[in-house]
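The structure under discussion appears below in the form of structure tokens.
In each ligand, atom 1 is the first atom listed, and ligand 1 is the first ligand listed. Remember, predicted model here, so these are calculated numbers, not experimental data.
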Amino acid sequence: MHKGLFITLEGVDGVGKTTQALLLKEHLEKQGHQVLHTFEPGGTRLGSQMRALLLNPEHKDLHSVAEILLYAADRAQHVYEVVRPALAAGKTVICERFVDSSVAYQGYGLGLDIEGIKQVNHWATGGLIPDLTIYFDADPAESLVKTKGDRIEQRTLDYYAKVKEGFLAIAHAEPQRFKVISAQGTREEVASRVLEALEGRGQ
Ligand code: TMP
């Protein structure tokens with residue numbers, strides 16, 4: 001069977017990825033596609049426990065290397081349990097966050113070894129790369145207002161400026177895969193930008 005399309009959505013916290021994922025799913029289903037909407041961290045039963053560990057603000061002692069590996073462990077479980085089987089069954093997979101989040105948040109944000117993070121994640125995913133990544137660009141100072149302040153969201157605006165810089169560096173390095181769209185405007189306006197980014201990707 002034809003392998004499905006793997007689409008990932010990226011952006012800083014509070015940017016509206018979930019709303020857009022649901023609108024995109026609805027649109028693609030109307031066109032007759034079978035679509036799976038999922039997310040990281042926490043897209044599996046075991047992953048939801050890893051998510052709880054990662055985001056609990058009480059875990060101030062979580063080492064940054066452990067943080068990278070926990071995100072990668074969550075991803076490995078998710079890829080092998082959910083994403084790869086869905087793609088193999090011909091489904092389109094819309095996944096909120098993937099390896100790019102680790103590169104941006106842990107690599108650029110925390111200033112850790114970006115190549116190392118890429119290698120660990122290459123191994124964790126068996127080399128799975130999205131066909132298309134849509135990055136919702138926003139000013140972190142504005143989007144963070146909409147968040148609840150979990151362990152990551154409690155980090156400073158300086159941290160988030162580096163995360164954003166990381167995402168934009170990925171866009172610069174991989175313009176074919178990684179499309180930047182503005183997260184400004186109504187949800188319908190943003191949704192139409194998502195569809196523009198999707199044009200010519202076999203949908
Ligand atoms: P979410 O709020 O989009 O569900 O993501 C949870 C948080 O985890 C969010 O602050 C981004 C962060 N994150 C990383 O730092 N690295 C990663 O690899 C992923 C997937 C998420």
Side-chain angles (χ1 to χ4, degrees), residues 6-22 24 37-60 62-83 93-125 128-130 133-167 169-170 178 183 190:
F6 182 32
I7 302 168
T8 59
L9 307 183
E10 297 282 0
V12 294
D13 298 72
V15 86
K17 289 184 297 302
T18 305
T19 305
Q20 292 303 324
L22 294 172
L24 179 58
H37 168 220
T38 185
F39 60 96
E40 293 183 0
T44 60
R45 183 184 65 83
L46 287 168
S48 65
Q49 296 190 33
M50 298 190 232
R51 180 183 175 92
L53 254 173
L54 279 160
L55 300 186
N56 185 340
E58 283 175 18
H59 298 329
K60 301 212 186 308
L62 182 64
H63 194 277
S64 53
V65 174
E67 178 174 312
I68 291 169
L69 294 174
L70 269 172
Y71 277 115
D74 168 76
R75 187 162 294 131
Q77 187 68 31
H78 187 228
V79 162
Y80 287 106
E81 184 181 323
V82 176
V83 179
V93 175
I94 302 171
C95 181
E96 293 182 49
R97 301 196 183 281
F98 196 58
V99 177
D100 298 311
S101 274
S102 285
V103 171
Y105 278 78
Q106 282 68 49
Y108 284 85
L110 295 177
L112 300 172
D113 176 7
I114 290 168
E115 280 314 307
I117 291 170
K118 287 183 183 168
Q119 279 173 22
V120 163
N121 277 282
H122 183 84
W123 190 65
T125 62
L128 183 65
I129 299 170
T133 300
I134 298 171
Y135 170 69
F136 297 91
D137 191 40
D139 177 356
E142 284 175 27
S143 63
L144 277 168
V145 175
K146 297 173 204 139
T147 66
K148 297 194 195 95
D150 64 34
R151 196 180 64 87
I152 304 284
E153 290 158 357
Q154 287 183 1
R155 291 178 177 165
T156 63
L157 275 180
D158 278 358
Y159 170 77
Y160 272 96
K162 288 187 218 149
V163 171
K164 175 169 170 155
E165 188 192 311
F167 279 127
I170 299 169
F178 197 97
V190 179

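- Among protein heavy atoms, atom 1 (P) of ligand 1 sits closest to Arg97 NE, 3.6 Å.
- Ligand 1 does not have Glu67 within reach: every non-hydrogen atom of the residue lies 4.0 Å or more from it.
- Of the heavy atoms in Glu96, none comes closer than 4.0 Å to ligand 1.
- Look at Lys164 and Asp137 and you find a salt bridge, because one of the NZ, NE, NH1 or NH2 atoms lies within 4.0 Å of a carboxylate O, short of that distance.
- When side chains are defined from C-beta on, Lys60 counts as touching Gln154, because their heavy atoms get closer than 4.5 Å.
- When hydrogens are left out, the protein atom nearest atom 16 (N) of ligand 1 is Gln106 OE1, 2.9 Å; that is the closest non-hydrogen contact.
- Side-chain atoms of Arg151 come within 3.5 Å of backbone atoms of Leu54 as a donor-acceptor pair (strictly under, hydrogens ignored).
- Ligand 1 places these atoms under 4.0 Å from at least one heavy atom of Asp13: 2 (O), 9 (C), 10 (O).
- Note on ring orientation: taking the six-membered ring where Trp is involved, the planes of Tyr105 and Tyr160 are perpendicular (angle over 60°, cut-offs 30° and 60°).
- Rounded to the nearest 0.5 angstrom, Tyr108 OH and Tyr159 OH are separated by 13.5 Å.
- Scanning the protein heavy atoms around atom 4 (O) of ligand 1, the nearest turns out to be Arg51 NH1, 2.8 Å.
- To the nearest 0.5 Å, the span separating OG on Ser48 from CZ on Arg51 amounts to 9.5 Å.
- Of all protein heavy atoms, the one lying nearest to atom 18 (O) of ligand 1 is Ser102 OG, 2.6 Å.
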Mind running side chain to side chain donor-acceptor pair (under 3.5 Å) on Ser101 and Glu10 for me, showing each step along the way?
CA-CA 7 Å; Ser101 274; Glu10 297 282 0; 2.5 Å; yes
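- Within the 4.0 Å heavy-atom cutoff, Leu55 counts among the residues contacting ligand 1.
- Ion pairing between a basic and an acidic side chain is recognised when a charged N comes within 4.0 Å of a carboxylate O; Glu165 and Lys162 show no such pairing.
- With ligand atoms numbered from 1 in the order given, ligand 1 contributes 5 (O), 6 (C), 20 (C), 21 (C) to contacts under 4.0 Å with heavy atoms of Pro41.
- For atom 13 (N) of ligand 1, the nearest non-hydrogen atom from the set Phe98, Tyr160, Tyr71 belongs to Tyr71.
- At a 4.0 Å heavy-atom cut-off, ligand 1 touches Arg75 through the side chain alone.
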